[in-house]
Amino acid sequence: MTESRRTVLLLGARGAAAVTFGVVTLVWPQVTVLALVFGAYALADGAMLLTTAWRNRRERWPAAACAGAGVLSVAAAAVTALWPGLTALALVVMAGAWAIITGCLELWAATRMRHELRHAWLWRISAAVSVVAGVLLWLRPDAGAVAIAVVLGLYALVAGGIWLAAAWREYRSHAGHDSRSWWRPASGTRTAH
(Lines give C-alpha, C1' and ligand atoms only; values in the text may rest on other atoms or scores of the structure.)
Protein backbone atom coordinates (compact mmCIF):
# COMPACT_ATOMS: atom_id res chain seq x y z
CA MET A 1 0.00 0.00 0.00
CA THR A 2 1.43 3.36 -0.98
CA GLU A 3 2.01 6.21 1.42
CA SER A 4 -0.79 8.22 -0.21
CA ARG A 5 -3.27 5.40 0.30
CA ARG A 6 -2.27 5.07 3.94
CA THR A 7 -2.69 8.80 4.41
CA VAL A 8 -6.14 8.81 2.82
CA LEU A 9 -7.24 5.83 4.93
CA LEU A 10 -5.88 7.37 8.15
CA LEU A 11 -7.49 10.75 7.50
CA GLY A 12 -10.75 9.15 6.43
CA ALA A 13 -10.85 6.86 9.46
CA ARG A 14 -10.17 9.75 11.80
CA GLY A 15 -12.90 11.81 10.15
CA ALA A 16 -15.40 8.95 10.20
CA ALA A 17 -14.69 8.26 13.89
CA ALA A 18 -15.21 11.94 14.75
CA VAL A 19 -18.46 12.20 12.78
CA THR A 20 -19.76 9.00 14.37
CA PHE A 21 -18.86 10.32 17.83
CA GLY A 22 -20.57 13.63 17.06
CA VAL A 23 -23.80 12.03 15.88
CA VAL A 24 -24.00 9.56 18.78
CA THR A 25 -23.22 12.32 21.27
CA LEU A 26 -25.96 14.57 19.93
CA VAL A 27 -28.52 11.73 19.76
CA TRP A 28 -27.82 10.29 23.28
CA PRO A 29 -26.67 13.13 25.56
CA GLN A 30 -26.83 11.15 28.84
CA VAL A 31 -23.64 11.43 30.92
CA THR A 32 -22.87 7.69 31.10
CA VAL A 33 -23.38 7.18 27.37
CA LEU A 34 -21.42 10.36 26.68
CA ALA A 35 -18.52 9.14 28.83
CA LEU A 36 -18.40 5.74 27.13
CA VAL A 37 -18.69 7.19 23.62
CA PHE A 38 -16.07 9.84 24.44
CA GLY A 39 -13.77 7.06 25.66
CA ALA A 40 -14.24 5.06 22.47
CA TYR A 41 -13.59 8.14 20.34
CA ALA A 42 -10.54 9.15 22.40
CA LEU A 43 -9.14 5.62 22.01
CA ALA A 44 -9.65 5.64 18.22
CA ASP A 45 -8.24 9.15 17.90
CA GLY A 46 -5.27 8.25 20.11
CA ALA A 47 -4.50 5.18 18.00
CA MET A 48 -4.58 7.29 14.85
CA LEU A 49 -2.37 9.98 16.41
CA LEU A 50 0.13 7.33 17.51
CA THR A 51 0.10 5.91 13.99
CA THR A 52 0.73 9.40 12.61
CA ALA A 53 3.62 9.84 15.06
CA TRP A 54 5.13 6.53 13.98
CA ARG A 55 4.76 7.31 10.27
CA ASN A 56 6.42 10.72 10.73
CA ARG A 57 9.09 9.65 13.22
CA ARG A 58 11.83 11.26 11.11
CA GLU A 59 10.29 14.63 11.97
CA ARG A 60 11.35 14.43 15.60
CA TRP A 61 9.35 17.18 17.32
CA PRO A 62 6.09 16.93 15.35
CA ALA A 63 6.14 13.16 15.87
CA ALA A 64 6.69 13.70 19.59
CA ALA A 65 3.71 16.10 19.68
CA CYS A 66 1.50 13.56 17.90
CA ALA A 67 2.71 10.80 20.21
CA GLY A 68 2.00 12.96 23.27
CA ALA A 69 -1.51 13.74 22.02
CA GLY A 70 -2.04 10.06 21.23
CA VAL A 71 -0.91 8.92 24.68
CA LEU A 72 -3.16 11.55 26.31
CA SER A 73 -6.09 10.34 24.21
CA VAL A 74 -5.49 6.71 25.17
CA ALA A 75 -5.20 7.75 28.84
CA ALA A 76 -8.52 9.64 28.61
CA ALA A 77 -10.08 6.53 27.08
CA ALA A 78 -8.71 4.39 29.91
CA VAL A 79 -10.16 6.74 32.53
CA THR A 80 -13.62 6.60 30.98
CA ALA A 81 -13.41 2.81 30.64
CA LEU A 82 -12.35 2.34 34.26
CA TRP A 83 -14.90 4.85 35.63
CA PRO A 84 -17.87 4.89 33.24
CA GLY A 85 -20.06 6.52 35.89
CA LEU A 86 -18.12 9.77 35.75
CA THR A 87 -20.04 12.80 36.90
CA ALA A 88 -20.76 15.54 34.40
CA LEU A 89 -18.23 17.83 36.10
CA ALA A 90 -15.45 15.22 35.96
CA LEU A 91 -16.25 14.55 32.31
CA VAL A 92 -16.15 18.28 31.50
CA VAL A 93 -12.79 18.72 33.22
CA MET A 94 -11.29 15.67 31.52
CA ALA A 95 -12.77 16.31 28.05
CA GLY A 96 -11.83 20.00 28.23
CA ALA A 97 -8.24 19.20 29.19
CA TRP A 98 -8.05 16.56 26.48
CA ALA A 99 -9.39 18.95 23.82
CA ILE A 100 -7.12 21.84 24.80
CA ILE A 101 -3.90 19.85 25.22
CA THR A 102 -4.32 17.65 22.14
CA GLY A 103 -5.44 20.69 20.13
CA CYS A 104 -2.33 22.64 21.14
CA LEU A 105 -0.02 19.69 20.40
CA GLU A 106 -1.65 19.09 17.02
CA LEU A 107 -1.53 22.80 16.18
CA TRP A 108 2.17 22.86 16.94
CA ALA A 109 2.83 19.67 14.93
CA ALA A 110 0.81 20.89 11.94
CA THR A 111 2.61 24.21 11.95
CA ARG A 112 6.00 22.47 12.07
CA MET A 113 5.02 20.12 9.22
CA ARG A 114 3.24 22.68 7.04
CA HIS A 115 5.75 22.26 4.20
CA GLU A 116 5.58 18.46 4.18
CA LEU A 117 1.79 18.04 4.41
CA ARG A 118 -0.74 19.15 1.80
CA HIS A 119 -3.48 19.23 4.42
CA ALA A 120 -1.55 21.00 7.21
CA TRP A 121 -3.85 24.02 7.09
CA LEU A 122 -6.85 21.74 7.64
CA TRP A 123 -5.01 20.10 10.53
CA ARG A 124 -4.40 23.53 12.06
CA ILE A 125 -8.10 24.42 11.74
CA SER A 126 -9.11 21.13 13.37
CA ALA A 127 -6.63 21.74 16.20
CA ALA A 128 -7.99 25.26 16.74
CA VAL A 129 -11.56 23.90 16.84
CA SER A 130 -10.40 21.40 19.48
CA VAL A 131 -8.94 24.16 21.65
CA VAL A 132 -12.10 26.27 21.28
CA ALA A 133 -14.27 23.29 22.29
CA GLY A 134 -12.10 22.68 25.35
CA VAL A 135 -12.30 26.32 26.39
CA LEU A 136 -16.09 26.31 25.92
CA LEU A 137 -16.35 23.24 28.14
CA TRP A 138 -14.21 24.85 30.83
CA LEU A 139 -16.09 28.17 30.73
CA ARG A 140 -19.28 26.53 31.96
CA PRO A 141 -18.43 23.25 33.70
CA ASP A 142 -21.78 23.30 35.48
CA ALA A 143 -23.81 23.45 32.26
CA GLY A 144 -25.07 19.85 32.40
CA ALA A 145 -24.96 16.77 30.22
CA VAL A 146 -26.95 18.19 27.32
CA ALA A 147 -24.69 21.26 27.01
CA ILE A 148 -21.60 19.05 27.20
CA ALA A 149 -23.06 16.80 24.52
CA VAL A 150 -23.84 19.75 22.25
CA VAL A 151 -20.32 21.21 22.55
CA LEU A 152 -18.57 17.86 22.11
CA GLY A 153 -20.96 16.74 19.37
CA LEU A 154 -20.60 19.92 17.32
CA TYR A 155 -16.83 19.88 17.81
CA ALA A 156 -16.67 16.28 16.60
CA LEU A 157 -18.86 16.96 13.57
CA VAL A 158 -16.76 19.98 12.53
CA ALA A 159 -13.44 18.22 13.19
CA GLY A 160 -14.65 15.07 11.43
CA GLY A 161 -15.75 17.10 8.43
CA ILE A 162 -12.34 18.76 8.30
CA TRP A 163 -10.54 15.38 8.45
CA LEU A 164 -12.80 13.95 5.74
CA ALA A 165 -12.09 17.03 3.60
CA ALA A 166 -8.36 16.46 4.13
CA ALA A 167 -8.76 12.82 3.07
CA TRP A 168 -10.68 13.90 -0.03
CA ARG A 169 -8.04 16.51 -0.93
CA GLU A 170 -5.29 13.91 -0.53
CA TYR A 171 -7.22 11.44 -2.66
CA ARG A 172 -7.95 14.03 -5.37
CA SER A 173 -4.32 15.17 -5.48
CA HIS A 174 -3.28 11.67 -6.55
CA ALA A 175 -6.33 10.58 -8.54
CA GLY A 176 -5.42 12.57 -11.65
CA HIS A 177 -1.78 11.46 -11.93
CA ASP A 178 -2.57 8.41 -13.99
CA SER A 179 -5.23 7.41 -16.46
CA ARG A 180 -6.09 4.52 -14.13
CA SER A 181 -7.35 4.96 -10.63
CA TRP A 182 -4.48 5.31 -8.16
CA TRP A 183 -6.46 3.24 -5.67
CA ARG A 184 -6.62 0.03 -7.73
CA PRO A 185 -4.04 -1.27 -10.18
CA ALA A 186 -5.08 -1.84 -13.76
CA SER A 187 -6.45 -5.29 -14.46
CA GLY A 188 -3.77 -7.82 -15.26
CA THR A 189 -0.98 -5.95 -13.45
CA ARG A 190 0.87 -7.49 -10.58
CA THR A 191 1.29 -5.81 -7.25
CA ALA A 192 3.99 -6.52 -4.71
CA HIS A 193 2.83 -7.77 -1.33
Side-chain angles (χ1 to χ4, degrees), residues 11 13-53 61-62 64-112 120-166:
L11 292 170
R14 191 169 185 198
V19 168
T20 302
F21 168 64
V23 168
V24 171
T25 299
L26 291 172
V27 171
W28 291 296
Q30 294 86 9
V31 174
T32 304
V33 173
L34 185 59
L36 292 173
V37 173
F38 170 75
Y41 172 67
L43 180 62
D45 196 52
M48 288 178 238
L49 283 166
L50 290 170
T51 301
T52 300
W61 294 112
C66 287
V71 168
L72 179 65
S73 293
V74 171
V79 167
T80 59
L82 294 173
W83 296 287
L86 286 173
T87 65
L89 181 60
L91 183 61
V92 167
V93 170
M94 185 179 64
W98 170 81
I100 291 170
I101 295 169
T102 58
C104 288
L105 289 171
E106 288 183 36
L107 184 62
W108 184 74
T111 302
R112 293 282 300 215
W121 65 277
L122 288 168
W123 195 5
R124 288 193 299 256
I125 292 170
S126 174
V129 169
S130 180
V131 171
V132 168
V135 169
L136 287 174
L137 288 172
W138 277 4
L139 284 177
R140 291 291 313 267
D142 60 339
V146 174
I148 297 166
V150 168
V151 170
L152 285 175
L154 291 176
Y155 150 70
L157 289 175
V158 170
I162 291 169
W163 288 113
L164 290 172

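Note that this is a predicted model, so its numbers are computed, not measured.
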### Task
With rounding to the nearest 0.5 Å, note down the distance linking CG in Leu72 to CD1 in Ile100.
11.5 Å

Please list every donor-acceptor pair under 3.5 Å in which a side-chain atom of residues 15-28 meets a protein atom from a residue at least two apart or in another chain.
| from | atom 1 | to | atom 2 | distance (Å) |
| --- | --- | --- | --- | --- |
| Thr20 | OG1 | Ala16 | O | 2.8 |
| Thr25 | OG1 | Phe21 | O | 2.6 |

### Query
Excluding sequence neighbours, so at least two apart, what forms side chain to side chain donor-acceptor pair (under 3.5 Å) with Ser73?
Trp98

Side-chain polar contacts of residues 127-139 - donor-acceptor pairs under 3.5 angstrom, sequence neighbours left out - could you list them?
| from | atom 1 | to | atom 2 | distance (Å) |
| --- | --- | --- | --- | --- |
| Ser130 | OG | Ala99 | O | 2.6 |
| Trp138 | NE1 | Val93 | O | 3.3 |

### Query
Who are the side chain to side chain donor-acceptor pair (under 3.5 Å) partners of Trp108, not counting sequence neighbours?
none

### Query
With sequence neighbours left out, what residues match Thr80 under side chain to side chain donor-acceptor pair (under 3.5 Å)?
none

### Message
If we check side-chain contact (heavy atoms from CB on, under 4.5 Å) with Val33, which of these qualifies: Val37, Leu36, Val31?
### Response
Val37

### Task
Calculate, to the nearest 0.5 Å, the distance between atoms CE and CG belonging to Met94 and Leu89 respectively.
11.5 Å

### Task
Answer whether the closest heavy-atom distance between the side chains of Leu11 and Arg14 falls below 4.5 Å.
no

## Note on the structure
So OH of Tyr41 and CG of Leu34: to nearest 0.5 Å the spacing works out to 13.5 Å

### Task
Would you give the length of the straight line joining atom CD1 of Ile101 to atom CD of Glu106, rounded to the nearest 0.5 angstrom?
12.5 Å

I'd like a table of donor-acceptor pairs (distance under 3.5 Å, sequence neighbours excluded) in which one partner is a side-chain atom from residues 140-154, with atom names and distances.
| from | atom 1 | to | atom 2 | distance (Å) |
| --- | --- | --- | --- | --- |
| Arg140 | NE | Asp142 | OD1 | 3.2 |

## Note on the structure
Heavy-atom closest pair (Arg112 atom, Pro62 atom, distance to 0.1 Å) is CB-CG, 3.6 Å

